Amino acid sequence: MARALELARGAEARGEVPVGAVIVRDGLVLAEGSNRTIGDSDPTAHAEVVAIRAAAALEGDWRLLNTTLYVTLEPCAMCAGAIVLARIPRVVFAAHDPKAGMGGSIENLLKDDRLNHRCAVTPGIMAEEASSMLKAFFKARR
């Protein structure tokens with residue numbers, strides 16, 4: 001999670017919402033990403049999607065089996081959908097997102113029994129650091 005927070009700080013320095021994501025398998029980082037929606041003019045360039053695209057390209061496969069995704073903010077609906085479609089078995093996130101979170105705050109798309117894949121979800125790891133960074137970012141914008 002520490003690397004995801006580092007990536008989030010980098011995103012913030014570029015004027016992006018400070019969210020970072022890292023995909024790991026067997027203790028090795030496969031891919032990482034941070035928010036790039038503004039810089040790329042792409043509403044889908046959330047940290048999780050950036051990391052998923054990089055990992056899938058590296059693997060040569062859209063199935064990211066036996067991986068863990070670490071992310072600083074609870075995934076939104078789009079990201080949760082991408083995580084499920086990529087078959088990522090475990091998601092660890094720092095801060096809850098009461099306005100858009102789909103890992104338990106609004107709904108839990110990551111664990112929805114109606115879908116053909118579900119993820120183990122571990123929330124709240126390094127939540128204080130991630131939450132403080134996000135709150136400071138948005139406070140400065142207002």
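Note that this is a predicted model, so its numbers are computed, not measured. Note that the numbering runs from 1 along the sequence shown for the chain.
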Peer 1: Is there a donor-acceptor pair under 3.5 Å between the side chain of R87 and the backbone N or O of L85?
Peer 2: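 Side chain of R87 to backbone of L85: a pair is present.
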
Peer 1: How about L73 and V17: do any of their side-chain heavy atoms sit closer than 4.5 Å?
Peer 2: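 No, their side chains stay 4.5 Å or more apart.
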
Peer 1: Can you hop from L134 to M1 via hydrophobic side chains spaced under 4.5 Å?
Peer 2: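 In one cluster: no.
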
Peer 1: State, to 0.1 Å, how close M126 and L5 come at their nearest heavy-atom pair, and which atoms those are.
Peer 2: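 Closest heavy-atom pair between M126 and L5: CE-CD1, 3.4 Å.
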
Peer 1: V121, I125: one ILVMFWY side-chain cluster at the under-4.5 Å cut-off?
Peer 2: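 Different hydrophobic clusters.
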
Peer 1: Sorted by first residue and then second, give each ring-ring contact (aromatic ring centres under 6.0 Å, His included) pair with at least one member in residues 91-112; sequence neighbours left out.
Peer 2: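 Sorted pair list: F93-H96.
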
Peer 1: Side chains of Y70 and V24: does their closest heavy-atom pair fall under 4.5 Å?
Peer 2: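 They are in side-chain contact.
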
Peer 1: Are V50 and V19 connected in the hydrophobic side-chain network, where two residues link if heavy atoms are under 4.5 Å apart?
Peer 2: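 Per the 4.5 Å side-chain linkage, V50 and V19 are not co-clustered.
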
Peer 1: E74 side chain to G103 main-chain N or O, any donor-acceptor pair under 3.5 Å?
Peer 2: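 Present.
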
Peer 1: Check for me, please, whether V92 and L110 land in the same ILVMFWY cluster - side-chain distances under 4.5 Å, paths through other members count.
Peer 2: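 Hydrophobic grouping puts V92 apart from L110.
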
Peer 1: Starting from L115, can I reach I83 by hopping between I/L/V/M/F/W/Y residues whose side chains sit under 4.5 Å apart?
Peer 2: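 Yes, it is one cluster - the side chains of I83 and L115 are joined through contacts under 4.5 Å.
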
Peer 1: How close do P75 and A80 get, heavy atom to heavy atom, and via which atoms?
Peer 2: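 Looks like CB-N, 4.0 Å.
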
Peer 1: Would you find a donor on one side and an acceptor on the other, under 3.5 Å apart, between the side chain of R9 and the backbone of G20?
Peer 2: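 Answer holds: no.
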
Peer 1: Enter the distance from N35:CG to E12:CD here, rounded to the nearest 0.5 Å.
Peer 2: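 The CD atom of E12 is 11.5 Å from CG of N35, to the nearest 0.5 Å.
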
Peer 1: Does any N or O in the side chain of D61 come within less than 3.5 Å of the main-chain N or O of R63, such that one atom is a donor and the other an acceptor?
Peer 2: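 Side chain of D61 to backbone of R63: a pair is present.
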
Peer 1: Roughly how far apart are T72 OG1 and L7 CG, rounded to 0.5 Å?
Peer 2: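 CG of L7 is found 8.5 Å from OG1 of T72.
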
Peer 1: Find the distance between NZ (K111) and SG (C119) and round it off to the nearest 0.5 Å.
Peer 2: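 One finds 9.5 Å between NZ of K111 and SG of C119.
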
Peer 1: Only one of T67, L69, V22 forms a side-chain contact (heavy atoms from CB on, under 4.5 Å) with L30, so which one is it?
Peer 2: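 Of T67, L69, V22, side-chain contact (heavy atoms from CB on, under 4.5 Å) with L30 is met by T67 alone.
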
Peer 1: Should the pair E6-R3 be classified as a salt bridge under the 4.0 Å nitrogen-to-oxygen rule?
Peer 2: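 The answer is yes: the pair qualifies as a salt bridge.
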
Peer 1: Less than 4.5 Å apart, side chain to side chain, heavy atoms only: is that true for S34 and E16?
Peer 2: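 Contact flag for S34/E16 side chains = no.
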
Peer 1: Within the structure provided, determine whether E48 and I88 are in side-chain contact (heavy-atom separation under 4.5 Å).
Peer 2: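 No, too far: nothing below the 4.5 Å cut-off.
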
Peer 1: Got a sec, which pairs hit salt bridge (Lys or Arg N to Asp or Glu O under 4.0 Å) with one end in residues 19-31, sequence neighbours left out?
Peer 2: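 Pairs touching residues 19-31 that pass the test: R25-E59.
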
Peer 1: State the CE-CE distance between M78 and M102, to the nearest 0.5 angstrom.
Peer 2: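 So the gap between those two atoms works out to 12.5 Å.
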
Peer 1: Would you check if R36 and V49 make a side-chain contact, meaning some heavy-atom pair closer than 4.5 Å?
Peer 2: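 They are not in side-chain contact.
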
